[in-house]
Amino acid sequence: MPHDEAQAIQDLLSSYAGLFGFFEAEGEELVIVGGAVRDLIAAAALPAKLDVDFATSALPDKTIDILKKNKLRFFTTGIRFGTISTIHGEKTLELTTYRPDESYTPGSRKPEVSFGTSLEADLIRRDLSINAMALRSDGSIVDLFGGREAIAARRLEVPGGGLERTRIILRDDPLRILRIARFAARLDYRATDETTTAATECAPWLQTISHERWKAELDKLLVAPHPAAGLRWLQQTGALREVLPEALPLLESDGFDRWCEALQQLPTEPHHLRWAWLLLGAAMAGAEAGDATTWPEASVRQQTVALLADRLKWSNEERQVVSELVALPHSTAQLAALPELELRRWIARTEPRVADQCALLVALTQIGGEGAALAPFLARVEALSGDATPVPQLPLGFGKVLMTELGLQPGPAVGQAVEAVKQAIVDGLLPNRGEAHDYLAWLRNRAETDA
Ligand code: ATP
Ligand code: MG
C-alpha cells in the first residue's frame, strides 16, 4: 500500500473517530462506503465539501438512538431508504442501514425497503465495483468485487460483472446507466463491453424512472472534467436518445470534440452555463446538418430550452437563466456593430448574467477561430457594465405615486410609464435610485413634448 494512501486513510478515519466509537460501543458495525473510498484509492482529489456515505448494521431507529444519545443533530428525510443524516463540520454524513441484495429476483414485487445485516450483500447491490468498497474503522478496506483492480484498469463494471448480472443490475435501477456515464465523465474511465451491451439493452427502461433523477445525474455529468466521454457513451448505448435527444445532432457532428473542449473551459458554477453551451452546440450542429447557413432564430432555441426544462423538471430560475443564455446574439459582426445605446440596453436586460454571456461568447469565438474579433466588444461591455449601466431601481411604491400624481388608472399605462423611466435610466437620461418627483417631472415633460 503506497504511503500516501495509508496517510489519506488515517486522515479520513481520524475525522470520524468519535462517530465510529459511538456505534462500536453499541455493538454495531459502521463503515465508510461509496465515493469517499473510491476517491481515496483512486488518489483523486477529494473535494473539500465531499459528502461522506456510511453504511451500518444498526437499524434506522437504533442509529437515531445512538445519535441522540451522543447529542448529534440528525435528519430523517431519507428514513424510507434507511438513511439518517447528520452534520459534521461542513459536511453532511449519510448513515444508511445495510440493505440486502434484491436484484436476483427480477419481476418479483420488491418490498418498499428491507434491511440486511451483511456488509457483503450491501456491497454487491451497489452500482459499480469501484463504488462497492468499504473502509472499516481499523483502516482495512473491504474489497470483495475487485474495486481496486477496476480503478487501476480505469474500468466501469458492476460488482460481480458478467453480462447476465449486469443486465439485472441495470434493469433493476436504470438510473445506473446515467451514473455510469457520470463516472465516465468524472474519472475518464471506460465501461466494459459487457456493461455497454447491457446498458444498450436496458436504455429504454430509463423511461420508467423519475426525470428528477435524470436531471441530477446529467447536471453532474456536464460539470465533470470529461463530459465528452460520458456523452459519447450515452450516445453509443442509445440512452442519450431516451433522455436528451436534443444533444444528438451535436454528438453526430464533426465539431463535437472541439465543442466539448470549449465546454471544459467554461466555469462549472453556475451549471446553467454548461446546459446553455450544450444547447447552443446542438442548435448550431442541427442547422449545419440541415445545410442552413444561419442558426435557428433565438426564439426557436428558446423553445428547445422550454421542452427540455419541462422534461427535466427544471426550476423556474434554471429555465429562465438558460433561456436567456441561449438567446445571445452569436455573430461577432452583429455584436461589434451594436450601437452604444443598444449595448447599454442589452447589458441592462442581461444583468446579472452579462459575465456568463461573455463567457459563452468567448467560448463561441474559440470554436469559430475568431477570438480576436470579439476583444473590442468585450472591452466595450466591460466599460459599460457595473455602475456605467445600472440595473434600474425605482423608489418603493413608485407605481402608486404615478397613479395619484398623473391621474392614471391601474392598467397598462402604469406599466408603460414605469418601463419608460427604467429605459431612461439605462440610457443615461435619468439617475438611478433617484427621487420620485424627478422621475414624475421627466414623465410630465415628455408628455408635453409629445403633445
Ligand atoms: P459522489 O462522489 O458524486 O458523491 P458517490 O459514488 O458517493 O459519488 P452517491 O450518489 O453519493 O455517489 O452514492 C453513494 C454510493 O451509494 C455510491 O458510491 C454507490 O455505492 C451507491 N449508490 C448510489 N446510487 C446508487 C444506485 N442507483 N444503485 C446502486 N448503488 C448506488
Ligand atoms: Mg457520495
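Given the structure is predicted, the values throughout are model-derived calculations rather than measurements. Nothing fancy with the numbering, it's 1 onward along the sequence. Indexing begins at 1, ligand by ligand and atom by atom, following the structure's order.
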- Query: Any non-hydrogen atom of E94 lying under 4.0 Å from ligand 1?
  - Reply: no
- Query: Does R311 pair with E246 as a salt bridge, N-O distance under 4.0 Å?
  - Reply: yes
- So, is G35 polar-close to ligand 1, with some N/O to N/O distance under 3.5 Å? yes
- Between N131 and ligand 1, find which residue part has any heavy-atom pair under 4.0 Å and reply side chain, backbone, both or neither. both
- Query: Is it true that E212 and K215 make a salt bridge, defined as a side-chain N closer than 4.0 Å to a carboxylate O?
  - Reply: no
- Proximal candidate to atom 8 (O) of ligand 1 [heavy atom criterion; set M133, E217, K220, R38]: R38
- Any side-chain donor near an acceptor of the partner, E324 and T350, under 3.5 Å: no
- Query: Which bit of R125 gets closer than 4.0 Å to ligand 1, counting heavy atoms only: side chain, backbone, both or neither?
  - Reply: backbone
- Under 4.0 Å between a Lys/Arg side-chain N and an Asp/Glu carboxylate O for D65 and K69? no
- Query: So, R136 and E29, do they make that salt bridge, N to O below 4.0 Å?
  - Reply: yes
- Note on the structure: Among N, O or S atoms, D53 approaches the Mg ion (ligand 2) most closely through OD2
- Message: Please enumerate all residues that pass side-chain contact (heavy atoms from CB on, under 4.5 Å) together with E94, with sequence neighbours excluded.
- Response: D53, T83, S85
- Query: Hey, are the side chains of E318 and W275 touching, using non-hydrogen atoms and a 4.5 Å cut-off?
  - Reply: no
- R186 heavy atoms within 4.0 Å reach ligand 1 at atoms 1 (P), 2 (O), 3 (O)
- Task: For ligand 1, indicate whether the residue R182 contacts it via side chain, backbone, both or neither (heavy-atom separation under 4.0 Å).
- Result: side chain
- Record the part of D53 in heavy-atom contact with ligand 1 below 4.0 Å; permitted values are side chain, backbone, both and neither. side chain
- For atom 31 (C) of ligand 1, which candidate among L170, I130, D127 holds the nearest heavy atom? D127
- Task: May I ask you to check whether F23 and F54 place their ring centers less than 6.0 Å from one another?
- Result: no
- Message: Need the ligand 1 atom indices (1-based, order shown) with element for anything under 4.0 Å from a heavy-atom of G34.
- Response: 18 (O)
